[in-house]
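All values below come from the heavy atoms of this structure, side chains included, with hydrogens, waters and symmetry mates left out.
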Amino acid sequence: MRRYFLNILSISIFLFTLLGLYSIKKEQEKELLAEVIKLKNKFEQSEIDHLNVNLLQEDQFNQLSDHYNKVLQEFIEIKTENLVLEKTKQSLEKSKFRLEEDNQVMKKNLTDFIAKEAKRKEKQIVVSTYNEDVSWLNIYVPDIPSLVYTRDVEFAKNNLRNIGNEAYAYLNFIVNNYYSLPSSIAFVHGHPTSWHFTEHMGIVLQKFKWGKYPYTPLTIPQKIFRMPEPDRNIEEWEIVNQYWPEVFEDFLGPPPARLESYCCGQFAVTKERILKHPLATYVYWKTFLEKTRMDSYYSGRLFEYTWHIIFGHTPVWVPDFKVCNYTYDCETFANKHPEEGEE
């Protein structure tokens, strides 16, 4: 783009100078042509007088003839220069026209690029994978930018230590992109389906209503965890109570008496909700996962049970809304999942 502007500026300056010179030369040409015509008439009359009437002296006739030839030669030279200038002017005008056409193409390309970048900044998919095939991303959501964090291949792009399950990948993304976050981000696993997620994630992300809610669980059909419960998640509840003061209390308040929300660490969240916490907080949580001796199963669960609180909701948060409100249209979803589609 800068090169284009330099070229068009150079041509415009040259063309402006050329037009000024061309205007002067054309005026000279016009004046000389008038004088040539005047002298020609006078010379022709003088020839008649000299030959027939002998009214002119020989030296006067020769002076007039020399002056006429000199002016005629000057006129021819000016005319020749003007022809060259005219061709140069036409060539420059064609070059300028071509540059202006190129500029229109460049403007369109730039506009398309800006629109694409703006669209890219609207949404993104962040994937945490461990030995999973993520080709479904290109099949189902090729137009949505995705970033895959791999926790099993040593030299893979965006390779991470296999710690903290998906939480470590999610926190890495937030820390690394805190000042350039997309408007809405879906954090998901590498597998498109599982025991806790029977709907295909690719289809859900195709239909997802990005940014409709500040924080949206992506577990479909919806599955809920509850703690404490007499016969379930006993160890996990103990872990939450043991580590809460160290990991969360300074940022989220005292340990909750109860936790209840949608399970399994797959959700979408807006940029605004992420920015509710300063970068230093996410760095602290990421560093905790890097340093803790806790098994990844439990350190990952510690965050899985807490994401809804981190992003602005109460410890017990099970909103009574249809899944179709943020994915499929309600009629289609009710036909596929009558039990979830009902009020």
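Atom CD of residue Glu166 and atom CZ of residue Phe303 lie 11.0 Å apart, to the nearest 0.5 angstrom. Distance check, rounded to the nearest 0.5 Å: CD1 of Ile174 to OG1 of Thr281 gives 11.0 Å. Of the inter-residue distances, the one linking Asn138 atom CG with Ile144 atom CD1 reads 11.5 Å to the nearest 0.5 angstrom. Here CD of Glu199 is found 12.0 Å from CG of Leu218. Values are rounded to the nearest 0.5 Å. Rounding to the nearest 0.5 angstrom, the gap separating the CG atom in Leu171 from the CG atom in Asn176 is 10.5 Å. Going from atom CZ of Phe173 over to atom CD of Gln124 covers 4.0 Å, rounded to the nearest 0.5 Å.
Across all non-hydrogen atoms, the minimal contact from Thr314 to Val316 is OG1-O, 2.8 Å. The heavy-atom pair separating Tyr262 from Pro217 by the smallest distance is CD1-CG, 3.3 Å. Nearest heavy-atom pair across Gly202 and Val141 is O-CG1, 4.0 Å. Between Glu249 and Pro255, the shortest heavy-atom distance links the atoms OE1-CD, 4.1 Å. Nearest approach of Ser296 to Gly164, heavy atoms of both residues: OG-N, 3.1 Å.
A donor-acceptor contact shorter than 3.5 Å links the side chain of Arg258 to the backbone of Pro228. A donor-acceptor distance shorter than 3.5 angstrom exists from the side chain of Glu132 to the backbone of Tyr130, with no hydrogens or angles considered. The backbone N or O of Tyr140 sits less than 3.5 Å from a side-chain atom of Gln206, completing a donor-acceptor pair. Looking at Tyr170, its side chain does come within 3.5 Å of a backbone N or O of Gly265 through a donor-acceptor pair. Distance alone, capped at 3.5 Å, is enough to place a donor-acceptor pair between the Trp136 side chain and the Gly190 backbone.
Side-chain contact check for Leu259 versus Ile309: some heavy-atom pair is nearer than 4.5 Å. The closest side-chain heavy-atom distance from Met201 to His191 is not below 4.5 Å. The side-chain heavy atoms of Trp210 and Glu122, taken from C-beta on, include no pair separated by under 4.5 Å. At least one side-chain heavy atom of Leu302 sits under 4.5 Å from a side-chain heavy atom of Val240.
In terms of hydrophobic clustering, with Ile, Leu, Val, Met, Phe, Trp and Tyr side chains grouped at heavy-atom distances under 4.5 Å, Trp195 and Ile203 are assigned to different clusters. When the side chains of ILVMFWY residues are joined at heavy-atom separations under 4.5 Å, either directly or via intervening members, Met227 and Ile224 end up in a single hydrophobic cluster.
Within the structure, every pair that satisfies the salt bridge (Lys or Arg N to Asp or Glu O under 4.0 Å) test and touches residues 297-316, not counting sequence neighbours, is listed here: Glu236-Arg301, Arg301-Glu304.
Aromatic ring centres of Trp244 and Phe248: separated by under 6.0 Å.
Note: His313 and Trp317 have parallel aromatic rings, judged against thresholds of 30 and 60 degrees for the angle between ring planes. Relative ring orientation between Phe225 and His308 is described as perpendicular, the plane-to-plane angle rising above 60° on a 0-90° scale split at 30° and 60°. Phe267 and Trp307 have tilted rings, their planes meeting at an angle from 30° to 60° on a 0 to 90° scale.
Atom CD of Gln104 sits in a crowded spot, with more than 12 heavy atoms from other residues, nucleotides or ligands closer than 6.0 Å.
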Please tabulate, for the side chains in residues 284-294, all donor-acceptor contacts under 3.5 angstrom to protein atoms that are two or more places apart in sequence or on a different chain.
unit_1: Tyr284; atom_1: OH; unit_2: Glu246; atom_2: O; d: 2.6
unit_1: Trp285; atom_1: NE1; unit_2: Val247; atom_2: O; d: 2.8
unit_1: Lys286; atom_1: NZ; unit_2: Glu290; atom_2: OE2; d: 2.9
unit_1: Thr287; atom_1: OG1; unit_2: Val283; atom_2: O; d: 2.7
unit_1: Glu290; atom_1: OE2; unit_2: Tyr168; atom_2: OH; d: 2.6
unit_1: Thr292; atom_1: OG1; unit_2: Met294; atom_2: N; d: 3.1

Only distances under 3.5 Å count here; give the side-chain donor-acceptor pairs of residues 268-280 to other protein atoms, sequence neighbours excluded, each with its distance to 0.1 Å.
unit_1: Thr270; atom_1: OG1; unit_2: Arg273; atom_2: N; d: 3.4
unit_1: Arg273; atom_1: NH1; unit_2: Phe311; atom_2: O; d: 2.7
unit_1: His277; atom_1: NE2; unit_2: Ile310; atom_2: O; d: 2.7

| How far apart are the C-alpha atoms of Asn165 and Tyr298, what are their side-chain angles, what is the distance that settles it, and do they pass the side-chain contact (heavy atoms from CB on, under 4.5 Å) test? | CA-CA 9 Å; Asn165 292 346; Tyr298 292 110; over 6 Å; no
